[in-house]
Structure formats: C-alpha cells, structure tokens
Amino acid sequence: MLFLWGTLLTEPFHIFADYIAGAAKLSVKGTGGNDVISSLAQYVVLLMAIILMQKMINTKAESYIPCFVAIISAAAFCFKSVTDGHINLKKGIALAVSVAIVTLLYIIKKEALLKWAAAVYTYSISTAMLTSLVFVPLSKMNGTLNKILYITKYNGIHITGAFAGIAGLPELVWGLFFAIIAALPIVFLATQKGKA
C-alpha cells in the first residue's frame with residue numbers, strides 16, 4: 001500500500017482518509033480551537049478509526065467494511081460537492097470506480113476478496129497517517145526529497161505542521177513521536193489477530 005500511495009490507484013483511499021480527517025477538523029472548528037487542537041483532533045480521530053476497523057477485522061462485521069466505507073465516502077463527496085458549490089470530477093470518478101468494484105464484489109459474493117478489500121481500507125488509514133506524520137515533513141526538508149517522495153502526492157492530511165518549533169523541536173521529530181505512539185496499538189492489535 002505504501003509504495004502505491006502516491007499514485008492514482010489509491011485515490012479512493014486518500015479520499016476516505018481525508019474525509020475522516022476533515023470531519024475531525026470540522027468538529028473542533030466551532031470551538032475556537034487553534035491549529036494544534038485541530039491537528040490533534042485529526043490525529044486522534046484517525047487513530048480511533050484505525051483501531052475500530054482493526055477490531056472489526058476477523059469478525060462478522062468485516063465483510064461489511066467495504067460497503068460501509070464506499071457508501072460513507074460517496075455520501076461525504078456528495079455533501080461536500082453541494083456545500084462547496086462545485087464537483088471535483090477526478091474525485092468523483094475515483095469514488096464511482098471504487099463503488100462499482102465494491103458492488104461487483106458483493107454481486108459475485110467473493111468473501112475472500114471482500115476480506116481483502118476490508119483490510120486495504122483499514123490499512124489505508126494507517127498509510128495516510130504514516131505519510132502525513134513522517135514522509136510529508138521529510139519532503140519539506142529539501143526539494144530533492146520532495147521529488148523522490150512521490151507518496152506525498154495527493155496528501156490532504158496535515159498534522160505535524162502546527163507542531164513545528166514547539167518545545168524547540170522540528171516538525172519531523174514531532175511526526176516521528178506521533179507515529180511511534182500510533183504504531184503501538186496498531187501493532188498490538190495486528191499481533192493479537194495473528195494469535196486468534
């Protein structure tokens with residue numbers, strides 16, 4: 001997933017992760033929260049989404065994850081299009097293709113493919129978070145890194161920028177710190193699934 005993250009193939013997963021982060025930003029907008037509060041809200045909500053979806057893997061709910069994500073993403077896209085007053089054609093096509101693929105998986109009733117799709121959707125949030133926390137700050141360090149790190153393309157999640165300079169620490173250090181904290185429950189849940 002990480003190697004494909006900067007390509008158009010992963011656009012529906014980018015959109016899904018971006019909408020989760022966007023909902024978190026909206027939830028604190030009315031409270032007068034600053035950029036740090038908004039960034040923390042995005043971080044916490046994305047992490048909670050990862051944990052919740054990981055817990056659903058290998059349960060009866062697993063096969064419903066692709067359907068749920070496709071419907072939520074499409075509904076959020078429609079809502080955003082109405083409130084923004086314009087339609088992002090590229091995102092619309094990407095979501096339409098993903099909805100069509102998910103629908104086909106349910107029609108042909110391929111349980112193994114549905115489980116695979118559920119895992120891809122689940123770990124796409126982890127990939128989005130890792131990209132935002134580590135690779136985006138790395139890409140800002142110089143122009144060469146920015147060109148090499150193609151996985152930062154289409155990134156719509158910005159968490160670490162608000163922390164740059166706090167306690168005298170650069171953005172990348174904060175990103176690594178948050179990535180390590182996020183990795184603990186993710187890795188723990190992944191190992192628990194293996195033991196089940």
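Using a distance-only test at 3.5 Å, with no hydrogens or angles considered, a donor-acceptor pair links the side chain of Tyr150 to the main chain of Phe3. Looking at Thr10, its side chain does come within 3.5 Å of a backbone N or O of Trp5 through a donor-acceptor pair. Between the Asn88 side chain and the Lys90 main chain, a donor and an acceptor come within less than 3.5 Å of each other. Within the 3.5 Å criterion, the main-chain N or O of Ala128 finds no donor-acceptor partner in the side chain of Ser132. The closest donor-acceptor contact from the side chain of Thr59 to the backbone of Met56 lies under 3.5 Å. Between the side chain of Ser38 and the backbone N or O of Asp35 there is no donor-acceptor pair closer than 3.5 Å. Under the 3.5 Å distance criterion, the side-chain polar atoms of Thr152 are left unmatched by any main-chain donor or acceptor of Phe135. Judged purely by atom type and a 3.5 angstrom limit, Tyr121 has no side-chain atom pairing as donor or acceptor with the backbone of Ile65.
Interatomic distance, OG of Ser73 versus CD1 of Ile20, reported as 7.5 Å (0.5 Å rounding). Note that CD of Gln42 is 10.0 Å distant from CG of Leu26, once rounded to the nearest 0.5 Å. Atom NZ of Lys153 and atom CD of Glu11 lie 10.5 Å apart (nearest 0.5 Å). Here Leu114 contributes atom CG and Lys109 contributes atom NZ; the two are 11.5 Å apart, rounded to the nearest 0.5 Å. The structure places CD of Gln54 at 10.0 Å from CD1 of Ile125, a figure rounded to the nearest 0.5 Å. Here the CG atom belonging to Leu89 is positioned 10.0 Å from the OG atom belonging to Ser81, to the nearest 0.5 angstrom.
A pairwise comparison of heavy atoms in Met129 and Tyr43 identifies CE-O, 3.3 Å as the closest pair. Of all heavy-atom pairs spanning Ile15 and Ala94, the tightest one is CD1-CB, 4.2 Å. Across all non-hydrogen atoms, the minimal contact from Ser126 to Ile50 is OG-CG2, 3.6 Å. Contact detail for Lys80 and Tyr19: the closest heavy-atom pair is CD-CE2, 3.9 Å. Pro66 and Tyr106 make their closest contact through CD-OH, 3.8 Å (heavy atoms, listed as atom of the first residue, atom of the second, distance).
Both Leu52 and Phe13 are part of a single hydrophobic cluster, where members link through side-chain heavy atoms under 4.5 Å apart. When the side chains of ILVMFWY residues are joined at heavy-atom separations under 4.5 Å, either directly or via intervening members, Val102 and Val69 end up in a single hydrophobic cluster. Taken together through direct or relayed side-chain contacts under 4.5 Å among Ile, Leu, Val, Met, Phe, Trp and Tyr, Phe79 and Ile87 form parts of separate hydrophobic clusters. Leu133 and Val44 fall within a single hydrophobic cluster, where Ile, Leu, Val, Met, Phe, Trp and Tyr are joined by side-chain heavy atoms under 4.5 Å apart, directly or via other members. Under a hydrophobic clustering in which Ile, Leu, Val, Met, Phe, Trp and Tyr are joined whenever their side-chain heavy atoms come within less than 4.5 Å, directly or via other members, Ile71 and Val99 fall into different clusters.
The 12-atom threshold is exceeded at CE of Met48, counting heavy atoms of other residues, nucleotides or ligands nearer than 6.0 Å. For Phe68, the CZ atom sits in a loose shell: 12 or fewer heavy atoms of surrounding residues, nucleotides or ligands are nearer than 6.0 Å.
Applying the side chain to side chain contact (heavy atoms under 4.5 Å, CB included) rule to Lys110 yields the partners Ile108, Leu113; only residues at least two apart in sequence or on another chain are considered.
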Contacts under 3.5 angstrom, residues 168-186 side chains, donor-acceptor by atom type, not counting sequence neighbours:
unit_1	atom_1	unit_2	atom_2	d
Glu171	OE1	Lys140	NZ	3.4
Glu171	OE2	Lys140	NZ	3.0
Glu171	OE2	Thr160	OG1	2.7
Glu171	OE2	Gly161	N	3.4
Trp174	NE1	Phe163	O	3.1
Trp174	NE1	Ile166	O	3.1

Inset, instruction - Output, in order, the C-alpha distance, side-chain angles, deciding distance and verdict of side chain to side chain contact (heavy atoms under 4.5 Å, CB included) for Leu95 and Ser98. - result: CA-CA 5 Å; Leu95 286 174; Ser98 67; 4.2 Å; yes
